[in-house]
Asks: 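Sending over a structure as C-alpha cells; questions will come in a sec.
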Protein chains: 2
Amino acid sequence: MESTARAPRADNRLPQLLDCAARLFGERGFHGTTIRDIVRGVDMLPGSLYYHFAAKEQLLAAVYAEGVARITERVQAAIARRSDPWQRLTAACIAHLEALLDEGDYAQVVIRVRPGDVPEAAAQLTGLRDRYESLFVELIDALPLRPNVDRRTLRLMLLGALNWSQTWYRRGRDDPRVIARHFVALLRRPTESPAE
Amino acid sequence: MESTARAPRADNRLPQLLDCAARLFGERGFHGTTIRDIVRGVDMLPGSLYYHFAAKEQLLAAVYAEGVARITERVQAAIARRSDPWQRLTAACIAHLEALLDEGDYAQVVIRVRPGDVPEAAAQLTGLRDRYESLFVELIDALPLRPNVDRRTLRLMLLGALNWSQTWYRRGRDDPRVIARHFVALLRRPTESPAE
DNA sequence: GCGTAAAACAAACGGTTGTTTGGTATAGGA
DNA sequence: TCCTATACCAAACAACCGTTTGTTTTACGC
C-alpha cells in the first residue's frame, strides 16, 4: 500500500489563509467573520477555501489548534528557564498575556471564541483549551501555599483575570508584563492593611 | 401642543420580546442570534419586531441597558445593608455573580456581548458598562489597603475573574456565593505560606 | 358604541451567507 | 519532457439575513 499523496506545492497560500483567518476570528469572533472577509485578505475566491477545508468550522478548528500550540510553546519556553515556583508562575502569566495582547492573532482566537459558538467542533476546542490550562494546574500545584487555599479557585481567578484583560487592554497605555506581575502579586501577598 | 400619543396596550408583547432577545443574545451572542430566532420564541413574525425597534442593534441596546439597570439595582441593594468596606465588596461580588450566573438573562448579555460587536451602539454600551463598573471603583476606594496596592489593577483583576466565570461555571457544581467569597479572600489575605 | 392609534400580520425585498460544481493553470517528481 | 496531483478560478447554488411595505386586527379613551 503505497501513498499516492505528493508533497504540498511551494506556492500554496494556506499559511496566509490561516493568518488572515486568525486575525479576523480574533478581532470579530466566529459569527462576525465571513468566508469572503477571510479570502479577500489573501486575494482568493470564496470557493477556493474549500480546497483546504471542508467547512468554516474546520478552518476555525485549525486556527484554534494552532493558537493553543503557539501559546503553549511560549509559556513552556518561559517557565523552562526558572525554578522558583512563584517566578515560574509569573513568567507563565507574562508569556500568556504577551501572546494574548500584543503578539499572537492565533492566541486571541483561543480566548475570544467560545467552543459553544461552533457546535460541530466544540468538544475538540474544549479539549485543547483544557490541555493548555493543565499547564497552570501544575504551576499552581507547585506553589507553597497556606493549607486553606483552594488551588482550583486560585487558578480560575488568575486565568479569568488574565483572559478578561483582552477586554480593557489598550496598547501603549498598559503593559502585559506589568499587568501579569501585579496580578500575581495581588494573589501572593495581602492587600489589606495590617490591623492597627 | 398636546400629545397625540396614547398609552401602550395591555396585550403588547414587547416585554416577552425583550426577555427572549435577552436569553438568546446571552446564550449565542449578537451575531449568533437571528431576528427570526428571537421572534419565534414569542410567536411573532420577523417584520413585527420593527414596530418596536428600528434595527437589530437597537434591540440589543435596549436589552443591554436593561441588563445594566438590573445588575446595578441588585448590587446597590446588596451593599446598602452593610457598612464594613470588605463586606460591602463581598456583597457586591455575590450580587454580581448571582445576576451573571444563575438569574439574569439580561445581565449575561452585558458581560457576553462586546460593544465592538455592535459598532452603531458601541459608544452607548461602553458608557453603560463603565457607569456600572464605577460602582466598584467606589467600593475599592473605600478599602483599607496597603499603600503600595494599585486599586485600578485590583478592580480589573477582580471584575475580570468574576466575569470570566461565565465561561467555566456549571450550575449545581459551583456556587456563586462561594466563588465570590473565595475571590475576595484570595485578594485580601496572603496565599503564600509564611516564611519558615 | 365609535373612532383612533397600537400592535401586529402577510408577503415580499435585495443582499449576503456558506457551499458546490466543473473547469484550468502549473509546480514538481519521473 | 511529460504527467499528475496540487491549488486554484469562475460561476453559480439554495438558504438565510435584516428590513420594508401595505394591510388587518383589536384594545382603549371618549
Side-chain angles (χ1 to χ4, degrees), chain A residues 1-22 24-25 27-64 109 113 117-122, chain B residues 1-22 24-25 27-64 109 113 117-122:
Chain A
M1 171 139 50
E2 54 189 325
S3 168
T4 56
R6 197 187 279 188
R9 270 160 56 170
D11 66 335
N12 93 79
R13 279 173 280 174
L14 176 58
Q16 303 133 70
L17 190 72
L18 286 167
D19 285 350
C20 190
L24 291 173
F25 283 146
E27 283 175 4
R28 313 180 188 173
F30 180 72
H31 290 299
T33 303
T34 288
I35 295 284
R36 285 174 174 81
D37 290 340
I38 296 170
V39 296
R40 190 175 303 127
V42 289
D43 277 318
M44 208 184 248
L45 293 181
S48 304
L49 185 142
Y50 290 83
Y51 172 74
H52 299 284
F53 301 97
K56 187 189 177 191
E57 281 84 4
Q58 298 193 20
L59 167 59
L60 186 273
V63 171
Y64 197 100
V109 178
V113 177
D117 290 345
V118 197
E120 297 87 344
Chain B
M1 173 143 43
E2 53 188 326
S3 168
T4 56
R6 196 188 280 189
R9 270 161 56 170
D11 67 333
N12 92 79
R13 278 173 281 173
L14 176 58
Q16 303 133 72
L17 189 73
L18 286 167
D19 285 350
C20 191
L24 292 173
F25 282 145
E27 283 176 4
R28 312 180 189 174
F30 180 71
H31 291 298
T33 304
T34 287
I35 295 284
R36 287 176 172 80
D37 289 338
I38 296 170
V39 297
R40 190 177 302 127
V42 290
D43 277 317
M44 207 184 248
L45 293 181
S48 305
L49 185 143
Y50 290 84
Y51 173 74
H52 298 283
F53 300 98
K56 188 189 177 190
E57 282 84 4
Q58 299 193 17
L59 167 59
L60 187 272
V63 170
Y64 197 100
V109 177
V113 177
D117 290 344
V118 197
E120 298 88 342

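Lettering of chains follows the sequences in order, A, B, ..., and the numbering in each one begins at 1.
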Asks: Nearest-Å distance, CG (A:D11) to P (C:dA27)?
Replies: 6 Å
Asks: For A:K56 and C:dT20, give me the distance from atom NZ to atom P, rounded to whole Å.
Replies: 15 Å
Asks: Regarding A:D43, tell me which of base, sugar-phosphate or nothing describes its non-hydrogen contacts under 4.0 Å with the strands shown.
Replies: sugar-phosphate
Asks: When you measure only distances, ignoring hydrogens and angles, does the side chain of B:R9 come within 3.5 Å of the base of C:dA6 through a donor and an acceptor?
Replies: yes
Asks: Can you tell me which nucleotide in D:dC17, D:dA10, C:dG18 comes closest to the side chain of B:T34?
Replies: D:dC17
Asks: Atom OH of B:Y50 and atom C1' of D:dT19: how far apart are they, to the nearest Å?
Replies: 5 Å
Asks: Indicate yes or no: at least one non-hydrogen side-chain atom of B:T33 is less than 4.5 angstrom from one of B:L60.
Replies: no
Asks: What is the distance from CG of A:D37 to C1' of C:dT19, rounded to the nearest Å?
Replies: 16 Å
Asks: What is the distance, to the nearest angstrom, from the OH atom on A:Y51 to the P atom on D:dC9?
Replies: 13 Å
Asks: Among the candidates C:dT20, C:dG28, D:dG18, find the nucleotide nearest to the side-chain atoms of A:A10.
Replies: C:dG28
Asks: What is the distance from CG of B:L18 to C1' of C:dA7, rounded to the nearest Å?
Replies: 15 Å
Asks: Describe the nucleic acid contact of A:R36 in one word from base, sugar-phosphate, nothing, applying a heavy-atom distance below 4.0 Å.
Replies: base
Asks: For A:H31 and C:dT16, what is the distance between atoms NE2 and P respectively, to the nearest whole Å?
Replies: 20 Å
Asks: Is there a side-chain polar atom (N or O) of A:N12 under 4.0 Å from OP1 or OP2 of D:dT6?
Replies: no
